[in-house]
Colleague: 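Quick one: structure below, then a few questions.
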Number of protein chains: 2
Amino acid sequence: MSLRQKKIAKKKEDILRTAVSILAEKGYQGTTMEEIASSLLMTKGSVYYYFKDKQDLLYQSQLMLLQQSLINIKTIQQENLPVVDRFKKAMVAHITYLLDEKSGFEMMVKLEQIFSTEQLEEIFQLRNDYEKCFDQLILEGINEEVFEAVEITIVRNTILGAMNWVTQWYSPEGKKDPIEIAETVSGYLTRILVKK
Amino acid sequence: MSLRQKKIAKKKEDILRTAVSILAEKGYQGTTMEEIASSLLMTKGSVYYYFKDKQDLLYQSQLMLLQQSLINIKTIQQENLPVVDRFKKAMVAHITYLLDEKSGFEMMVKLEQIFSTEQLEEIFQLRNDYEKCFDQLILEGINEEVFEAVEITIVRNTILGAMNWVTQWYSPEGKKDPIEIAETVSGYLTRILVKK
DNA sequence: CAGAAAATTAACTTGATATTTAAAAAGTGA
DNA sequence: TCACTTTTTAAATATCAAGTTAATTTTCTG
């Protein structure tokens with residue numbers, strides 16, 4: 001990859017990062033291209049030079065987030081650790097990633113209203129892969145009889161929900177930093193699963 | 001209250017109910033006054049006859065939701081039941097209310113961007129009261145030594161998050177109806193608290 | 001350095017939607 | 001029925017933001 005291509009890639013990623021955090025904060029409709037551009041000290045036109053339109057920007061930022069978190073969890077899953085530890089690690093990674101990226105994975109607008117069918121498929125596929133990783137960990141735990149025999153889908157959704165909601169209440173002014181929050185919350189959530 | 005006033009109140013409530021469900025689905029910016037009006041078989045102008053502007057509509061619908069759920073939880077809190085049961089009941093009420101009203105309490109736009117300082121105060125006050133009810137139940141449980149001695153605020157936020165997120169994954173086509181979902185989820189969440 | 005390619009910009013177009021308004025319709029009490 | 005009030009409506013206005021464009025500036029390359 002040439003220097004120029006690297007530069008373009010970097011710029012695109014810069015834009016995506018900023019877009020992610022503004023979109024997560026204000027939602028799709030609430031975010032203006034102007035806003036994204038100006039917080040990068042660019043003009044709107046420049047952003048359009050790199051991305052086809054606003055929808056494209058959102059789509060690509062979703063992909064970026066999902067792909068990275070999928071990598072995160074897959075890496076953890078392969079580590080040689082007891083299942084409880086891997087599960088906890090996955091939760092901590094999830095929460096810290098959310099807080100770092102200031103991202104709502106779902107930005108609380110039904111994605112169905114924004115994306116095309118093909119785009120939705122791609123996103124749901126990734127999301128599904130991600131959820132499957134959690135399910136896999138839970139299943140392992142149940143098989144090893146360290147976890148209670150729960151309804152996997154519901155427990156997974158419950159746990160993901162609790163984690164995703166952290167962005168709503170976490171405050172940088174609070175006592176705990178993101179990692180401490182992540183560890184505390186994961187600790188409590190583990191209690192849903194481990195045998196008494 | 002005269003008949004006329006009752007009629008007005010009823011109409012306002014109709015509008016609020018519809019607004020709540022559309023706003024919850026599409027978010028503040030994604031919802032048009034046209035849309036709200038036409039799903040009530042009214043014209044936009046009529047809605048403006050009852051509400052000052054869109055922001056006012058959102059504000060009042062938030063108040064309505066919060067006030068009702070505050071009533072719900074306070075009623076439960078006063079029942080003569082063991083604390084675990086009251087806690088579970090409060091969770092079931094929370095989830096079923098969310099699913100019934102199809103409402104995101106937070107519609108994932110920072111309310112700070114929409115409301116005036118005074119309005120925010122009112123809303124945060126109500127939200128705070130609501131959270132305090134949960135905290136109270138948790139505290140009771142800890143004092144009675146049926147609950148583990150947890151960090152109340154974090155556990156409460158975690159549990160509220162898990163519950164609020166249900167609107168993201170609940171599907172009417174799924175196996176369970178709202179009440180079953182609410183009971184199952186509450187059951188799992190209780191495990192965070194009860195002593196092993 | 002000169003010219004080409006890439007990147008940026010400001011100014012515009014366009015469409016959508018919140019809000020206003022003035023007139024029509026419906027309702028009400030004498 | 002008639003005068004009056006309340007409610008509804010359709011049309012007008014105003015604003016704001018997405019997306020476009022053509023011109024300009026910057027960067028690259030030989």
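Note that the coordinates shown come from a computational prediction; the quantities given were computed from them, not determined experimentally. Order of the sequence lines sets the chain letters (A, B, ...), proteins ahead of strands, with each chain counted from 1.
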Colleague: Provide the closest heavy-atom pair for B/Ile159 versus B/Phe87 in the form atom of the first, atom of the second, distance.
Modeller: CD1-CZ, 3.9 Å

Colleague: Quick check on D/dT7: is either OP1 or OP2 less than 4.0 Å from any side-chain nitrogen or oxygen of B/Lys12?
Modeller: no

Colleague: Write down the distance between CG (B/Leu58) and P (C/dT19), rounded to a whole number of angstrom.
Modeller: 12 Å

Colleague: What does the inter-axis angle of the helix from C/dC1-D/dG30 to C/dA30-D/dT1 come out as, five pairs per end, nearest 10 degrees?
Modeller: 10°

Colleague: Measure all distances between protein nitrogen or oxygen atoms and nitrogen or oxygen atoms of nucleotides 16-19 of chain D, and list the pairs falling under 3.5 Å.
Modeller:
{"from": "D/dA18", "atom 1": "OP1", "to": "A/Thr31", "atom 2": "O", "distance (Å)": "3.2"}
{"from": "D/dA18", "atom 1": "OP1", "to": "A/Lys54", "atom 2": "NZ", "distance (Å)": "3.2"}
{"from": "D/dA18", "atom 1": "OP2", "to": "A/Met33", "atom 2": "N", "distance (Å)": "3.0"}
{"from": "D/dA18", "atom 1": "N7", "to": "A/Lys44", "atom 2": "NZ", "distance (Å)": "3.4"}
{"from": "D/dG19", "atom 1": "OP2", "to": "A/Tyr48", "atom 2": "OH", "distance (Å)": "2.9"}
{"from": "D/dG19", "atom 1": "OP2", "to": "A/Lys54", "atom 2": "N", "distance (Å)": "3.1"}
{"from": "D/dG19", "atom 1": "N7", "to": "A/Lys44", "atom 2": "NZ", "distance (Å)": "3.4"}
{"from": "D/dG19", "atom 1": "O6", "to": "A/Lys44", "atom 2": "NZ", "distance (Å)": "2.5"}

Colleague: Residues in side-chain hydrogen bond (donor to acceptor under 3.5 Å, both in side chains) with B/Glu180, at least two apart?
Modeller: none

Colleague: Figure out the CE/C1' separation between B/Met42 and D/dA10, and round it to whole Å.
Modeller: 16 Å

Colleague: Check the distance between C/dA18's C1' and B/Leu23's CG and give it to me in whole angstrom.
Modeller: 14 Å

Colleague: Among all residues two or more places apart in sequence or in another chain, which pass the salt bridge (charged side-chain N to carboxylate O under 4.0 Å, His left out) test with B/Lys12?
Modeller: none

Colleague: From the set D/dA10, D/dT7, C/dT9, return the single nucleotide nearest to any side-chain atom of B/Ile8.
Modeller: D/dT7

Colleague: When all nucleic acid strands are considered with a 4.0 Å heavy-atom cut-off, which category describes A/Phe51: base, sugar-phosphate, or nothing?
Modeller: nothing

Colleague: Kindly write out the residues that satisfy salt bridge (charged side-chain N to carboxylate O under 4.0 Å, His left out) with A/Asp135, not counting sequence neighbours, or none if the list is empty.
Modeller: A/Lys132, A/Arg156

Colleague: Which pair of heavy atoms, one from B/Tyr48 and one from B/Asp53, lies closest together, and at what distance?
Modeller: CE2-CA, 3.9 Å

Colleague: With a 4.0 Å limit, can you tell me whether B/Tyr49 has a side-chain N or O closer than that to the phosphate oxygens OP1/OP2 of D/dT7?
Modeller: yes

Colleague: Grab the CG-P distance between A/Leu40 and C/dT8 for me, whole Å please.
Modeller: 11 Å

Colleague: Report all side-chain donor-acceptor pairs from residues 74-83 of chain B shorter than 3.5 Å, counting only partners two or more places apart or in another chain.
Modeller:
{"from": "B/Thr75", "atom 1": "OG1", "to": "B/Ile71", "atom 2": "O", "distance (Å)": "2.7"}
{"from": "B/Glu79", "atom 1": "OE1", "to": "B/Lys89", "atom 2": "NZ", "distance (Å)": "2.6"}
{"from": "B/Glu79", "atom 1": "OE2", "to": "B/Lys89", "atom 2": "NZ", "distance (Å)": "3.4"}

Colleague: How close or far is atom P of D/dT8 from atom CG of B/Asp14, stated in whole angstroms?
Modeller: 11 Å

Colleague: Mind jotting down which residue pairs meet the side-chain hydrogen bond (donor to acceptor under 3.5 Å, both in side chains) criterion with at least one end in residues 139-149 of chain A? Sequence neighbours excluded, please.
Modeller: A/Arg86-A/Glu140, A/Glu148-B/Arg191

Colleague: Distance-only check: which donor-acceptor pairs under 3.5 Å involve side-chain atoms of residues 37-45 of chain B, not counting sequence neighbours?
Modeller:
{"from": "B/Ser38", "atom 1": "OG", "to": "B/Glu34", "atom 2": "O", "distance (Å)": "3.4"}
{"from": "B/Ser38", "atom 1": "OG", "to": "B/Glu35", "atom 2": "O", "distance (Å)": "3.4"}
{"from": "B/Ser39", "atom 1": "OG", "to": "B/Ile36", "atom 2": "O", "distance (Å)": "3.3"}

Colleague: When the side chains of residues 113-120 of chain A are checked against the rest of the protein, which donor-acceptor pairs come out under 3.5 Å, sequence neighbours left out?
Modeller:
{"from": "A/Ser116", "atom 1": "OG", "to": "A/Gln119", "atom 2": "N", "distance (Å)": "3.2"}
{"from": "A/Ser116", "atom 1": "OG", "to": "A/Gln119", "atom 2": "OE1", "distance (Å)": "3.4"}
{"from": "A/Gln119", "atom 1": "OE1", "to": "A/Gln55", "atom 2": "NE2", "distance (Å)": "2.7"}
{"from": "A/Gln119", "atom 1": "OE1", "to": "A/Ser116", "atom 2": "N", "distance (Å)": "3.0"}
{"from": "A/Gln119", "atom 1": "NE2", "to": "A/Gln55", "atom 2": "OE1", "distance (Å)": "3.4"}

